[in-house]
Amino acid sequence: VHIDSYRLSQNYPNPFNPVTNIKFDIPRSGLVKITIYDLLGREVINLVNQQMQPGSYNVDWDASNYPSGVYFYTLVTRDNSLTRKMVLLK
């Protein structure tokens, strides 16, 4: 499967409690970061921070220790940044 662009899918399920899954596609190898932020833009957790090869990936976030609310997750690479919103309902 050839991946031709960066993609950050909507997390599933959304709203979620307490675990959600995030899918993303990487067309080129390089450093990949996926970071969760709260509504005020504070970094909550870094889910991914590593060199990755091209491909499709999944990462889970277990938000058991975090309060209900709106969160943002961002995929950052050398030449791209994508952000989506998710809702944690407890």
Side-chain angles (χ1 to χ4, degrees):
V1 177
H2 176 70
I3 296 177
D4 57 3
S5 65
Y6 290 96
R7 240 194 319 273
L8 181 63
S9 299
Q10 184 64 53
N11 64 301
Y12 183 83
N14 186 37
F16 69 100
N17 177 28
V19 177
T20 191
N21 180 265
I22 297 167
K23 292 184 169 121
F24 59 100
D25 295 342
I26 306 294
R28 287 185 286 289
S29 58
L31 181 63
V32 175
K33 290 184 181 180
I34 293 194
T35 308
I36 311 275
Y37 297 92
D38 68 13
L39 200 51
L40 300 176
R42 294 178 300 209
E43 189 172 307
V44 172
I45 189 171
N46 224 322
L47 291 182
V48 177
N49 186 6
Q50 65 189 47
Q51 292 288 331
M52 299 184 89
Q53 297 303 312
S56 294
Y57 297 91
N58 282 297
V59 63
D60 285 333
W61 181 38
D62 182 344
S64 301
N65 300 327
Y66 298 96
S68 296
V70 175
Y71 292 86
F72 296 91
Y73 56 105
T74 303
L75 166 70
V76 177
T77 63
R78 185 185 52 193
D79 48 12
N80 210 316
S81 175
L82 299 166
T83 302
R84 292 204 183 276
K85 182 167 92 172
M86 61 182 157
V87 178
L88 171 59
L89 283 182
K90 292 192 170 178

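Treat the numbers as computed from the prediction; the structure is a model and nothing was measured.
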Q: Go through Ile26 and Leu75 one step at a time and tell me if the side-chain contact (heavy atoms from CB on, under 4.5 Å) criterion holds.
A: CA-CA 10 Å; Ile26 306 294; Leu75 166 70; 4.1 Å; yes
Q: If you round to the nearest 0.5 Å, how far is CZ of Arg7 from CG of Asp4?
A: 7.0 Å
Q: Stepwise, does the side-chain contact (heavy atoms from CB on, under 4.5 Å) test hold for Val59 with Phe24?
A: CA-CA 8 Å; Val59 63; Phe24 59 100; 4.1 Å; yes
Q: Rounded to the nearest 0.5 Å, how far apart are CG of Asn49 and OG1 of Thr35?
A: 7.0 Å
Q: Any salt bridge (charged side-chain N to carboxylate O under 4.0 Å, His left out) pairs touching residues 68-81, not counting sequence neighbours?
A: Arg28-Asp79
Q: In the structure I gave you, are the side-chain heavy atoms of Asn65 and Val44 within less than 4.5 Å of one another anywhere?
A: no
Q: With Asp60, which residues qualify under side-chain hydrogen bond (donor to acceptor under 3.5 Å, both in side chains), at least two apart?
A: Asn21
Q: With side chains defined as the heavy atoms from C-beta onward, is the minimum distance between Pro27 and Pro54 less than 4.5 Å?
A: no
Q: For the atom pair CE (Met52) and OG1 (Thr77), what is the distance rounded to the nearest 0.5 Å?
A: 11.5 Å
Q: Out of curiosity, Ile22 CD1 to Ser9 OG, how far, rounded to the nearest 0.5 Å?
A: 10.0 Å
Q: Indicate every side-chain donor-acceptor pair of residues 81-90 with a distance under 3.5 Å to a residue at least two apart or in another chain.
A:
from: Thr83; atom 1: OG1; to: Thr74; atom 2: OG1; distance (Å): 3.1
from: Arg84; atom 1: NE; to: Leu8; atom 2: O; distance (Å): 2.4
from: Arg84; atom 1: NH2; to: Leu8; atom 2: O; distance (Å): 3.1
from: Lys90; atom 1: NZ; to: Ala63; atom 2: O; distance (Å): 3.1
from: Lys90; atom 1: NZ; to: Ser64; atom 2: O; distance (Å): 2.7
from: Lys90; atom 1: NZ; to: Tyr66; atom 2: O; distance (Å): 2.5

Q: Mind checking ring pair (Phe, Tyr, Trp, His ring centres under 6.0 Å) for Tyr12 and listing every partner two or more places apart, or none if nothing turns up?
A: none
Q: Determine yes or no for a side-chain-to-main-chain donor-acceptor pair under 3.5 angstrom, with Thr20 supplying the side chain and Pro13 the backbone.
A: yes
Q: Rest of the hydrophobic cluster containing Val19 (Ile/Leu/Val/Met/Phe/Trp/Tyr, side-chain heavy atoms under 4.5 Å)?
A: none
Q: Give, for atom CD1 of Ile45 and atom OH of Tyr73, the distance between the pair rounded to the nearest 0.5 Å.
A: 15.5 Å
Q: Among all residues two or more places apart in sequence or in another chain, which pass the ring pair (Phe, Tyr, Trp, His ring centres under 6.0 Å) test with Tyr6?
A: none
Q: Evaluate the side-chain proximity of Ile3 to Ser56: yes if any heavy-atom separation is below 4.5 Å, no if none is.
A: yes
Q: Do Tyr37 and Phe72 have ring centroids that are under 6.0 Å from one another?
A: no
Q: Roughly how far, to the nearest 0.5 Å, is the NZ atom of Lys33 from the CG atom of Asn46?
A: 6.5 Å
Q: Specify the closest pair of heavy atoms between Lys23 and Asn58, including all atoms of both residues, with the distance to one decimal.
A: CG-OD1, 2.6 Å
